[in-house]
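Notes follow once the structure below has been shown.
Convention: sequence-line order gives letters A, B, ...; per-chain numbering from 1. These numbers come from the heavy atoms of this one structure, side chains and all, not from hydrogens, waters or symmetry mates.
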Amino acid sequence: MSTSITVDGVSRVFSGRNGDVVALQGATFDVKAGEFVALVGPSGCGKSTVLRCIAGLDTDYTGEVHVGERRVSAPSTEAGMVFQEHRLLPWLTVRQNILFGFVGTAAQQRERADELLTLMHLEAFAGAHPHELSGGMAQRAAIARALAPRPDVLLLDEPFGALDAFTRIEMQDALREVWRQHNTTALLVTHDIEEAVVLADRVVVMAARPGRVRHVEDIALPFPRNRASDEFAHVRASLLAQFSLVH
Amino acid sequence: MAVDAAALDTATTPQPRRRSRRRGFPIGWLVPVAILVFWYLAYTFEWVNPILFSSPVEVVQTLWTSTLDGTLPMHLGTSVGRWLLGFAIGAVLGLALGAVTGLSSFFERLLDPTVQMLRTVPIMGLVPLFIVWFGLGELPKVILIAFATFFQVYIQMYHGIRSIDRKLLEVGRMYELSTLATLRRIVVPGAMPSILQGIRLGLGIAWLALVIAELTGANSGVGYWMQTGREYVRVDVVLAALIVFAVVGKVVDSLVRLLERRLLDWRDTIEREM
């Protein structure tokens, strides 16, 4: 089951030694049930902050965040989270990591783990520990872990930011595929405009200082998207133009 | 496309490495053997005063005869008993208090300054006090050993918990883990390397405390045996006792390292690469 996400007038102020920093000011947007939305913007635009508010990891905000009918005030298993670092538990194997948040009988666990290992092409590494994996494989395991309990929404915080360009392209295609198969709502935070155009149905463009939503753009291109096509270049250029206005 | 790329990824990256334990010539033994040879030569050619020194052969004979007549096994048994009892008490208290201060800032502020202050007290300095308070029986010895163990284990436990990656704790929060589940599934395994390190250091310092306790006011134990050797100027007995201390200490240290390797298998590759 997928669920909508509503972010309504969310502000977040960080108090530091050098005074207050407005990380987010009145951010408002929504993600429809089953939609794939990308949140793009320069560093410091509060895109990760808004994601942490939706995840329930950051609750010191004003405004309202809803996932479905639920007003977010704490983390919930309804949401699966993938961080920029894989955050796999180093003492668990890939299989055990994938099942970290999955509740079920031994047979269900085995079945679910096998399913995700296959989906993520990690079969050969089921018994390996995280330090034995490449960056791409570790991040695939992290996505599998987030998907294991079949969350209603999948939150991704620059999940491919630390990967090399080739691995990133491969991971983007894999992500779109597992998202489609799981019929979940996805919200992806990224600073990579091309990544947003490849994956998202809609792109929310954010601006910095103070962090705010600047523009929302529908990406009407059909899937699978061809990174080399003229249409793709056109959409990317129009999004880039949004940033040239940002100063 | 995704399938092909992933297959490529699997093909070009190394398969999970299995542990390969290659053991070459044990060069760690070279120095002890050299010392033994030098010792033998020094004694044979009288580079040292033979009254104040004995030959390695003599020491081995002393070890052998005192093992046969039951003197050494008796003393060793007493020593090991004290050591393990004192260690167990100190380790349990250290783990418990370290967990409390590691997990709670309130208890850290309340208790840690006191522990840090007591930690700097040299254990040698406590011996006279403990003898006055607890007499010459087993109690002061066990307390001294427990006291010494406590701080090693406490500090490692505390640091082990404090050094757990907050990012991993956030993963636990995302899955709505209860406090108990967070402890069991993230905190304890995360702190395990430190805990085992604390146990290893604790056993070592307990062994030292044992020798101190037995050299001052004991009537049994390897330390006492050594003391009698000193009184009768039996250098061979003193040296034999030292060798017993060294060998037992090393054997126990190796056993704990073995346990570490078993429990921290997941870390093995990283350590070898560092």
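Heavy atoms closer than 4.5 Å to chain B are found in the side chain of P149(A), but not in its backbone. Looking at I186(B), the atoms closer than 4.5 Å to chain A (heavy atoms on both sides) sit in the backbone and in the side chain alike.
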* Decide side-chain contact (heavy atoms from CB on, under 4.5 Å) for Y175(B) and M81(A); before the verdict, give the C-alpha distance in whole Å, the side-chain angles of both, and the deciding distance to 0.1 Å. => CA-CA 9 Å; Y175(B) 291 106; M81(A) 180 93 171; over 6 Å; no
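Considering only heavy atoms from C-beta on, E170(B) comes within 4.5 Å of R52(A) through its side chain.
Within 6.0 Å of CD in E111(A) there are 12 or fewer heavy atoms belonging to other residues, nucleotides or ligands. Other residues, nucleotides and ligands contribute only 12 or fewer heavy atoms inside 6.0 Å of the CD1 atom of I27(B). In this structure, F166(A) places its CZ atom where only 12 or fewer heavy-atom neighbours from other residues, nucleotides or ligands lie under 6.0 Å away. At most 12 non-hydrogen atoms from other residues, nucleotides or ligands lie less than 6.0 angstrom from CG of L180(B). Shown here is F107(B), whose CZ atom has no more than 12 heavy atoms of other residues, nucleotides or ligands within 6.0 Å.
Here the CZ-CZ distance, from F100(A) to R185(B), works out to 4.0 Å after rounding to the nearest 0.5 Å. Between the CE atom in M174(B) and the CG atom in L155(A) there is a gap of 6.0 Å [rounded to 0.5 Å].
Against chain B, the residues from residues 68-76 of chain A that qualify, each with a non-hydrogen atom under 4.5 angstrom away, are P75(A), S76(A) in number order. By a heavy-atom distance cut of under 4.5 Å, E85(A), R87(A), L88(A), L89(A), P90(A), W91(A) are the residues of residues 84-98 of chain A near chain B, going up by number.
By number of non-hydrogen pairs under 4.5 angstrom with chain B, the leading residue of M171(A), R145(A), Q172(A) is R145(A).
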